[in-house]
2 protein chains.
Amino acid sequence: MPSADRRLEPRRKPRQVRAELTRDRILTAAAHVFAESGYAAGTTNRIAERARVSIGSLYQYFPNKDAILAELLVRHIDRGTWTGADELDLSPGTLEATVRALVRDAIDNHSDDPALLRVMIEEAPVSQELRDTIDRHGKQRTAQVLDVVVRHPDVHVGDPAVAAEMILLTVEINTHKFMADRGTTPVETFEDELVAMVTRYLRGDR
Amino acid sequence: MPSADRRLEPRRKPRQVRAELTRDRILTAAAHVFAESGYAAGTTNRIAERARVSIGSLYQYFPNKDAILAELLVRHIDRGTWTGADELDLSPGTLEATVRALVRDAIDNHSDDPALLRVMIEEAPVSQELRDTIDRHGKQRTAQVLDVVVRHPDVHVGDPAVAAEMILLTVEINTHKFMADRGTTPVETFEDELVAMVTRYLRGDR
DNA sequence: GACTATTGTGAGCATTAGCTCAGCTAATTT
DNA sequence: AAATTAGCTGAGCTAATGCTCACAATAGTC
């Protein structure tokens, strides 16, 4: 294992459609392999094999294994970006509904491929570089939530900025944990409790 | 990297004091090495070197690298077990204080060695076996929290069991995140917000 | 068709980590 | 003080993975 290049940028960018396709095939294959075997056992050779692409091609578009994971992670995060954020209802009495929408989003995002998510969140080594990338992509979401926290009339918290970050992390992680090892608890129960937690916190009256 | 023995039990248990000492030296060294270099780069040879112990000795007490991490993790968890749980105040109006105690515990536990904690939580590969061990040790805490949730007169939540697990995860993770990359926010602010979140959730009035 | 740019190939190298084991030293027991 | 048990050593083996690079194939352009 040579000391890997820590850069996440590829050495070549796709210019033709077939290249774009190869790239996608690699990513899809990587998702499957990681989900099935975990990060360490998900070798680049296996990924290439599964994608029916030569290992050389893989290294055309991804400088190293971590970069593949990074891309998958970023895709997950970006997929979670709140689409209907513009037409947010800021009238009194709608707080719970807004929070519920946020929670539902998270649950949906974690429904697709819990195994892959587990690998990415629990098993993958997170470099400083990757952490920065994640933060950058998370900023958008934090901003959206912060916007609600600041502008919604029903919200009463001490420090909106801290609140926004706390809420996002809490929703994300709890959802992940719940989806990763489902017990006997129905999703609805979980959803209700999580919504209750966040809503009551935000509402903040005693 | 030979396919590692997945067992976490050592091949020999210390019988003499000097052996116990060697074991401790290894663990302490491992904590340092992991904290400094991360999990992947924290090789067993470097750990042994740092502990001034031969690599052979290391493998007397730990069957593989993961086992060392497992022990460190378990120690962290066990250290967090609520000591004063017996004399819990269950009279009305004391809920916030109880929650604050829980949060303070978490903060204290993460103050010692944030770097190591980050490696253990974010970077370390978590096998099924290790996950089970963690769960087992976490059970005690969940039980304690569940006890409060069920018995305290001020608590009103839909599903106490779900609530207990959610609270623990939320407090642990938020504390970890906060301590891992301290921004400009003072600890007190963070503490207050986290306490508010949990307390308001538990109190459950609207 | 000729020429260039882009994309794809895969055997195998370089590296490095985890771990073993044969034999030594120290403690304990008899 | 001999015998036995426990503890310690470290050179080096085994295995495997990430990754390179010289070349081949395909697509695009004139």
Item checked: Test: Lys65(B) cationic atom under 6.0 Å from Phe34(B) six-membered ring centre, within 45° of axis -> no
Set out, line by line, the N/O atom pairs under 3.5 Å between protein and nucleotides 1-7 of chain D.
{"unit_1": "dG7(D)", "atom_1": "OP1", "unit_2": "Arg15(B)", "atom_2": "N", "d": "2.6"}
{"unit_1": "dG7(D)", "atom_1": "OP1", "unit_2": "Gln16(B)", "atom_2": "N", "d": "2.9"}
{"unit_1": "dG7(D)", "atom_1": "O4'", "unit_2": "Arg18(B)", "atom_2": "NH2", "d": "3.1"}
{"unit_1": "dG7(D)", "atom_1": "N7", "unit_2": "Arg12(B)", "atom_2": "NH1", "d": "3.2"}
{"unit_1": "dG7(D)", "atom_1": "N7", "unit_2": "Arg12(B)", "atom_2": "NH2", "d": "3.3"}

Check: Can you list, by residue number, the residues of residues 49-57 of chain B that have a non-hydrogen atom closer than 4.0 angstrom to DNA chain D?
Finding: Val53(B), Ser54(B), Ile55(B), Gly56(B), Ser57(B)
Notebook entry, point to check: Taking 4.0 angstrom as the limit, do Arg50(A) and Glu36(A) come out as a salt bridge?
Noted result: yes
Note to self: Just to verify, what does His137(B) make a ring pair (Phe, Tyr, Trp, His ring centres under 6.0 Å) with, not counting sequence neighbours?
What the structure shows: none
Next item on the list: Check Leu58(B) against Thr44(B) and note the closest heavy-atom contact, atom names and distance.
Entry: CD1-O, 3.6 Å
Next item on the list: Report the distance from atom CZ of Arg25(A) to atom C1' of dT7(C), rounded to the nearest whole Å.
Entry: 13 Å
Notebook entry, point to check: Would the number of heavy atoms belonging to other residues, nucleotides or ligands and lying under 6.0 Å from CD of Gln140(A) be above 12?
Noted result: no
Notebook entry, point to check: How long is the line joining CG of Asn45(A) and C1' of dT9(C), in whole Å?
Noted result: 13 Å
Margin query: When you compare the side chains of Asn174(B) and Thr170(A), does any donor N or O come within less than 3.5 Å of an acceptor on the partner?
Written below: yes
Next item on the list: Please report the closest heavy-atom contact between Thr185(A) and Thr189(A), naming both atoms and the distance.
Entry: CG2-CB, 3.8 Å
Check: Counting only side-chain N and O atoms of Thr44(B), is one of them less than 4.0 Å from OP1 or OP2 of dG18(C)?
Finding: yes
Note to self: If you apply the rule salt bridge (charged side-chain N to carboxylate O under 4.0 Å, His left out), what do you find for Glu165(A) with Arg141(A), and how did you get there?
What the structure shows: CA-CA 9 Å; Glu165(A) 284 196 20; Arg141(A) 306 204 68 197; over 6 Å; no
Checklist line | Partner set under salt bridge (Lys or Arg N to Asp or Glu O under 4.0 Å) for Arg131(B), not counting sequence neighbours | finding: Glu122(A)
Margin query: Output the rounded distance in Å from OH (Tyr59(B)) to C1' (dT20(C)).
Written below: 10 Å
Checklist line | Asn45(B) and Glu49(B): side chain donor to acceptor below 3.5 Å | finding: no
Margin query: Using a 4.0 Å cut-off on heavy atoms, which residues in residues 26-42 of chain A reach DNA chain D? List them by number, or say none.
Written below: none
Note to self: From CG of Leu58(A) over to P of dC21(D), roughly how many Å is that when rounded to an integer?
What the structure shows: 16 Å
Checklist line | Protein-nucleotide distance (Lys65(B), atom NZ; dT20(C), atom P), rounded to Å | finding: 15 Å
Next item on the list: Would you please name every residue forming a side chain to side chain donor-acceptor pair (under 3.5 Å) with Asp112(A), sequence neighbours left out?
Entry: Arg79(A)
